[in-house]
Amino acid sequence: MNTKRWSVDKYVDELERYPQITQAASLLIKNEVVAFPTETVYGLGGNAENNDAVAKIFAAKGRPSDNPLIIHIAEEEQLQDFVEEIPEKAKRLMKEFWPGPLTLIFKKKNGKLSDKATAGLSTVAVRMPDHPIALAVIKQAGLPIAAPSANRSGRPSPTTADHVWEDLNGRIGGLIDGGPTGVGVESTVLDCTVSVPTILRPGGITREQLEAVIGTVNVDPALVDTEKAPKSPGMKYRHYAPDAPLYLVEGPRGFIQKLVNEKRKEGLSVGVLTTEENRDYYQSDFVFACGKRAELETVASSLYEALRYFNSTKADVIFSEMFSNDGVGNAIMNRLMKAAGHRVIKG
């Protein structure tokens with residue numbers, strides 16, 4: 001398959017009528033799949049109403065088909081077509097955080113969406129992305145768009161068009177290059193079908209932010225208990241992992257350097273994932289400073305770039321510092337734990 005690639009300036013006027021946007025939308029209308037930037041990561045979009053289009057998403061990613069997809073919309077009115085009801089708390093969250101990195105789960109209205117998009121569930125996950133290119137493509141296509149992250153399943157999510165190209169060139173219809181994304185980690189997923197809204201995946205909107213709007217919010221037990229099956233799209237299988245084995249290290253930086261030294265004596269090439277504050281401390285084959293520890297938002301925005309950087313090296317093993325679980329740190333640690341297969345070394 002010949003993958004078309006367009007470069008689009010997200011700041012141009014009347015973006016919906018930009019030629020590259022209309023070309024991408026026409027592919028979506030023809031039930032082809034197109035990757036485009038959102039404020040979190042690049043998404044791989046397809047017509048959520050068409051089984052063939054959704055099947056192409058799963059095929060391109062190599063994603064198990066029992067893993068539901070998030071539906072992206074550009075206008076709240078689109079919800080009426082496939083959502084049974086919008087709870088009052090959900091309305092308040094939509095007013096506060098949409099468009100933005102918050103996915104809400106509703107009871108699904110049957111008959112409109114492809115059952116493949118929701119993996120046959122009675123619920124549907126929906127969000128409105130806060131990115132002008134994503135919104136323009138969705139509006140121009142006039143369709144709800146199913147869009148998981150635009151990467152091969154199991155690999156780090158893409159935050160640049162080059163990441164998408166590396167994974168999916170020749171496997172999808174098109175790619176809109178709109179520059180790097182901002183938030184860096186995927187949206188927060190919140191189940192609004194239960195009496196107390198429950199976070200199924202931490203992301204760009206924190207638990208503290210949600211509770212400031214609607215009061216008490218629960219957290220899916222599977223986020224802290226690896227024996228329980230997660231319910232959120234994109235969280236069921238191994239995900240985010242670099243090629244080399246990744247270990248999270250709970251301990252001082254001196255202990256991490258000790259681990260590095262031991263592996264290098266064994267003849268292995270070693271990578272260290274750290275922050276700007278500690279960049280110059282480590283003596284290792286490969287060191288990547290993933291933002292500033294004092295500003296965890298910068299760590300979140302660089303996290304997947306860091307994991308992909310190590311794939312470009314000859315690292316045999318990677319050690320990563322750990323981060324606070326407060327605020328967006330919860331999303332960072334969630335992704336790192338998944339990438340490391342929950343391997344933690346304590347010093």
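FYI, the numbering just counts along the sequence from 1. Because the structure is a prediction, the values reported are computed rather than measured.
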Side-chain donor-acceptor pairs under 3.5 Å in residues 118-128, sequence neighbours left out?
residue, atom, partner, partner atom, Å
Thr118, OG1, Lys108, NZ, 2.9
Thr118, OG1, Asp115, O, 3.4
Arg127, NE, His72, NE2, 3.4
Arg127, NH1, Glu39, OE1, 3.4
Arg127, NH1, Glu39, OE2, 2.8
Arg127, NH1, Gly100, O, 3.0
Arg127, NH2, Thr38, OG1, 3.2
Arg127, NH2, Glu39, OE1, 3.3
Arg127, NH2, Thr40, OG1, 3.3

May I ask you to decide if Lys107's main-chain N or O and Thr193's side chain share a donor-acceptor pair within less than 3.5 Å? no
I'd like to know whether Glu32 forms a salt bridge (charged side-chain N to carboxylate O under 4.0 Å, His left out) with Lys56, so could you lay out the CA-CA distance, the side-chain angles of the two residues, the decisive distance to 0.1 Å, and finally the verdict. CA-CA 7 Å; Glu32 297 298 334; Lys56 289 176 182 178; 3.2 Å; yes
Could you point out which residue of Leu190, Ile214, Val213, Val196 forms a side chain to side chain contact (heavy atoms under 4.5 Å, CB included) with Lys89? Ile214
Leu307 side chain near Leu273 side chain, heavy-atom distance below 4.5 Å: yes
Salt bridge Glu262-Lys265, side-chain N to carboxylate O under 4.0 Å: no
Roughly how far, to the nearest 0.5 Å, is the OG atom of Ser324 from the CG atom of Leu296? 6.5 Å
If you group Ile, Leu, Val, Met, Phe, Trp and Tyr by side-chain heavy-atom gaps below 4.5 Å, do Trp98 and Val217 land in one group? yes
Do Leu102 and Leu210 come within less than 4.5 Å of each other through their side chains, counting heavy atoms only? yes
Looking only at heavy atoms, what is the nearest atom pair of Phe58 and Pro64, with distance? CE2-O, 3.4 Å
A side-chain contact here means heavy atoms from C-beta on lying under 4.5 Å apart; do Gln209 and Phe97 qualify? yes
Can you establish whether the number of heavy atoms outside Lys109 located under 6.0 Å from its atom NZ is more than 12? yes
Begin from the C-alpha positions of Met1 and Arg171 and carry the test side chain to side chain contact (heavy atoms under 4.5 Å, CB included) through to its verdict. CA-CA 6 Å; Met1 178 185 295; Arg171 303 179 66 89; 6.0 Å; no
Tell me if the NZ atom of Lys4 is crowded by more than 12 foreign heavy atoms within 6.0 Å. no
Applying side chain to side chain donor-acceptor pair (under 3.5 Å), run through Gln140 and Thr22 and close with a yes or a no. CA-CA 7 Å; Gln140 186 62 238; Thr22 58; over 6 Å; no
Glu295 side chain to Gly291 backbone, donor-acceptor under 3.5 Å: no
For the CD atom of Gln23 and the CD1 atom of Ile21, what is their distance to the nearest 0.5 Å? 10.0 Å
Salt-bridge test for Arg253 and Glu321: reply yes if a basic N is under 4.0 Å from a carboxylate O, no otherwise. no
Should the heavy atoms of other residues, nucleotides or ligands under 6.0 Å from CZ of Arg92 be counted, would the total exceed 12? yes
What do you reckon, is NZ of Lys263 surrounded by more than 12 foreign heavy atoms closer than 6.0 Å? no
Test side chain to side chain donor-acceptor pair (under 3.5 Å) on Ser187 and Arg201 and set out the steps. CA-CA 8 Å; Ser187 62; Arg201 180 180 75 185; 3.0 Å; yes
What is the distance from atom OG1 of Thr274 to atom CZ of Phe319, rounded to the nearest 0.5 Å? 14.0 Å
Minimum heavy-atom distance between Arg155 and Asn151, given as atom pair plus value: O-ND2, 3.0 Å
So, are Lys112 and Glu49 salt-bridged, with charged N and O less than 4.0 Å apart? yes
Please say yes or no: joined through hydrophobic side-chain contacts below 4.5 Å, possibly via intermediate residues, are Val299 and Tyr240 part of one cluster? yes
Assigning hydrophobic clusters by single linkage (Ile, Leu, Val, Met, Phe, Trp, Tyr; side-chain heavy-atom cutoff under 4.5 Å), is Phe36 placed with Val41? no
For residues Ala35 and Ala150, report the shortest heavy-atom separation together with the two atoms involved. CB-CB, 3.9 Å
Close side-chain approach of Leu248 to Met337, heavy-atom, < 4.5 Å: yes
Side-chain (Glu76) to main-chain (Lys91) donor-acceptor, under 3.5 angstrom: no
Minimal non-hydrogen separation, Ala60 against Leu44, with atom names: CB-CD2, 4.0 Å
Working to the nearest 0.5 angstrom, can you tell me the gap between Asp177 CG and Ser7 OG? 4.5 Å
Value rounded to 0.5 Å, distance of CG in Leu93 from CD1 in Ile205: 9.5 Å
Write down the atom of Tyr42, the atom of Gly178, and the distance for their closest heavy-atom approach. OH-N, 3.1 Å
When the ring planes of Phe286 and Tyr309 are compared, do they come out parallel, tilted or perpendicular, using 30° and 60° as the limits? perpendicular
Following the transitive rule for hydrophobic clusters with a side-chain heavy-atom cut-off under 4.5 Å over Ile, Leu, Val, Met, Phe, Trp and Tyr, establish whether Leu69 and Leu168 coincide in one cluster. yes
Are any non-hydrogen side-chain atoms of Leu113 and Val54 less than 4.5 angstrom apart? no
Ignoring hydrogens and geometry, is there a side-chain-to-backbone donor-acceptor pair from Glu16 to Lys139 under 3.5 Å? no
Could you tell me whether the side chain of Arg335 and the main chain of Gly203 form a donor-acceptor pair under 3.5 Å? no
Show, in sequence, the C-alpha distance, side-chain angles and deciding distance for Gln20 and Ile133, and conclude whether the side chain to side chain contact (heavy atoms under 4.5 Å, CB included) test is met. CA-CA 10 Å; Gln20 289 90 330; Ile133 291 175; over 6 Å; no
Side-chain contact, heavy-atom cut-off 4.5 Å: Thr313 with Phe288? no
Set of residues satisfying side chain to side chain contact (heavy atoms under 4.5 Å, CB included) with respect to Asp162, sequence neighbours excluded: Arg5, Thr160
At their closest point, which heavy atom of Gln257 faces which heavy atom of Tyr282, and how far apart are they? OE1-CA, 3.3 Å
Here the gap from Thr103 atom OG1 to Ile71 atom CD1, rounded to the nearest 0.5 Å, amounts to 10.0 Å
If only atom types and distance count, is the side chain of Asn47 paired as donor or acceptor with the main-chain N or O of Asn31 below 3.5 Å? no
Could you go through the side chain to side chain donor-acceptor pair (under 3.5 Å) check for Asn51 and Ser114 one step at a time? CA-CA 5 Å; Asn51 283 334; Ser114 161; 2.5 Å; yes
Can you find a pair of side-chain heavy atoms, one from Trp6 and one from Val34, that are under 4.5 Å apart? yes
Report whether Leu246 and Val270 are members of the same hydrophobic cluster (ILVMFWY, side-chain heavy atoms less than 4.5 Å apart, transitive linking). no
Using the rule given for side chain to side chain donor-acceptor pair (under 3.5 Å), can you reason through Glu186 versus Ser157, listing the C-alpha separation, both sets of side-chain angles and the distance that settles it, and then say yes or no? CA-CA 9 Å; Glu186 294 87 350; Ser157 298; 2.5 Å; yes
How about Pro129 and Leu135: do any of their side-chain heavy atoms sit closer than 4.5 Å? yes
Flag yes if more than 12 heavy atoms outside Lys116 fall under 6.0 Å of its NZ atom; otherwise flag no. no
